[in-house]
Engineer: 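So that we are looking at the same thing, I have put the structure below in structure tokens.
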Amino acid sequence: QSVLFNDTAARVSGLSFVDKDMDDRELGGSVTWSAPSDVSEVAYYLVYLSETPAGVNRSQIEAPVVVGTNFLAMPANTLMEEYLYVVVYTRSSFVEQTTPESFRIVPVM
């Protein structure tokens with residue numbers, strides 16, 4: 001018996017975040033990205049704060065974002081803690097991608 005498997009790579013591009021929270025060590029603002037050229041297998045985008053560009057020690061921001069929406073409003077007063085990056089993963093109906101797109105956070109000073 002065989003199973004049909006589709007291994008499609010779908011990664012966002014053009015990831016950006018502008019911090020609008022004026023408080024020290026707190027973040028808030030819009031995270032935006034461009035959709036992959038082929039979203040046929042993408043169900044959601046997952047947005048995290050992460051210590052590294054590879055998504056190590058991450059914390060999800062808000063709920064998953066449905067395909068067709070290419071932004072997430074990070075709530076004001078989100079604690080920066082040790083996070084240095086915003087990372088975005090695509091997720092199919094089966095699994096989250098293994099390598100995210102990343103953006104280095106530049107906090108408001």
Engineer: Report yes if some heavy atom in the side chain of Glu96 is under 4.5 Å from a heavy atom in the side chain of Leu46; otherwise report no.
Structural biologist: yes
Engineer: Hey, mind stepping through Thr78 and Leu49 against side chain to side chain contact (heavy atoms under 4.5 Å, CB included) and telling me if it holds?
Structural biologist: CA-CA 10 Å; Thr78 298; Leu49 291 173; 3.8 Å; yes
Engineer: Within the 4.5 Å heavy-atom criterion, are Pro75 and Ile61 side-chain neighbours or not?
Structural biologist: yes
Engineer: Over all heavy atoms of both residues, which pair between Ser102 and Val87 is shortest? Give the atoms and the distance, please.
Structural biologist: CB-CG1, 3.7 Å
Engineer: Is the closest basic N to carboxylate O distance between Glu101 and Arg11 below 4.0 Å?
Structural biologist: yes
Engineer: Under 4.5 Å between any side-chain heavy atoms of Tyr45 and Val67, yes or no?
Structural biologist: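 Yes, close enough: below the 4.5 Å cut-off.
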Engineer: Could you check whether any side-chain N or O of Ser92 sits under 3.5 Å from a backbone N or O of Val42, counting only pairs where one atom can act as donor and the other as acceptor?
Structural biologist: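 Absent.
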Engineer: Mind listing the closest non-hydrogen atom pair of Asn77 and Asp21 along with its distance?
Structural biologist: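 Of all heavy-atom pairs spanning Asn77 and Asp21, the closest is N-OD2, 2.6 Å.
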Engineer: Flag the pair Asp19 / Val106 as yes when at least one side-chain heavy-atom distance between them is below 4.5 Å, and no otherwise.
Structural biologist: no
Engineer: Would you say the side chain of Phe103 lies within less than 4.5 Å of the side chain of Val31, judging by non-hydrogen atoms?
Structural biologist: no
Engineer: In the single-linkage hydrophobic clustering (I, L, V, M, F, W, Y; side-chain heavy atoms under 4.5 Å), do Trp33 and Val39 co-cluster?
Structural biologist: yes
Engineer: What do the steps show when you test Met74 against Val86 for side chain to side chain contact (heavy atoms under 4.5 Å, CB included), and what is the final call?
Structural biologist: CA-CA 10 Å; Met74 184 186 302; Val86 173; 4.2 Å; yes
Engineer: Within 45 degrees of the axis of the six-membered ring of Tyr89 and under 6.0 Å from its centre: does Arg58 put its NZ or CZ there?
Structural biologist: yes
Engineer: Going by distance alone, is a donor N or O of one side chain under 3.5 Å from an acceptor N or O of the other, for Thr90 and Gln97?
Structural biologist: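 Result is yes, a qualifying pair exists.
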Engineer: Looking at Phe71, is its backbone amide N or carbonyl O close enough to the side chain of Thr69 to form a donor-acceptor pair, meaning the two atoms are under 3.5 Å apart?
Structural biologist: no
Engineer: Rounded to the nearest 0.5 Å, how far apart are CZ of Phe17 and CD1 of Ile105?
Structural biologist: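 One finds 6.5 Å between CZ of Phe17 and CD1 of Ile105.
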Engineer: Does any non-hydrogen side-chain atom of Glu51 lie less than 4.5 Å from one of Leu84?
Structural biologist: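 Side chain of Leu84 against side chain of Glu51, heavy atoms only: no contact under 4.5 Å found.
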Engineer: State the OG-OH distance between Ser93 and Tyr44, to the nearest 0.5 angstrom.
Structural biologist: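 The OG atom of Ser93 sits 9.5 Å away from the OH atom of Tyr44.
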Engineer: Does Val47 reach the side chain of Leu72, with side-chain heavy atoms less than 4.5 Å apart?
Structural biologist: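 Side chain of Val47 against side chain of Leu72, heavy atoms only: contact under 4.5 Å found.
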Engineer: Whether Arg104 engages the ring of Tyr85 as a cation-pi pair (distance to the six-membered ring centre under 6.0 angstrom, angle to the ring normal within 45°) should be assessed.
Structural biologist: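 The answer is yes; both the distance and angle limits are met.
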Engineer: Within the structure provided, determine whether Pro100 and Val88 are in side-chain contact (heavy-atom separation under 4.5 Å).
Structural biologist: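 Side chain of Pro100 against side chain of Val88, heavy atoms only: no contact under 4.5 Å found.
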Engineer: Mind checking the OH-CG spacing from Tyr83 to Asn57? Nearest 0.5 Å is all I need.
Structural biologist: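 One gets 7.5 Å once the value is rounded to the nearest 0.5 Å.
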Engineer: Gln60 side chain to Glu62 main-chain N or O, any donor-acceptor pair under 3.5 Å?
Structural biologist: yes
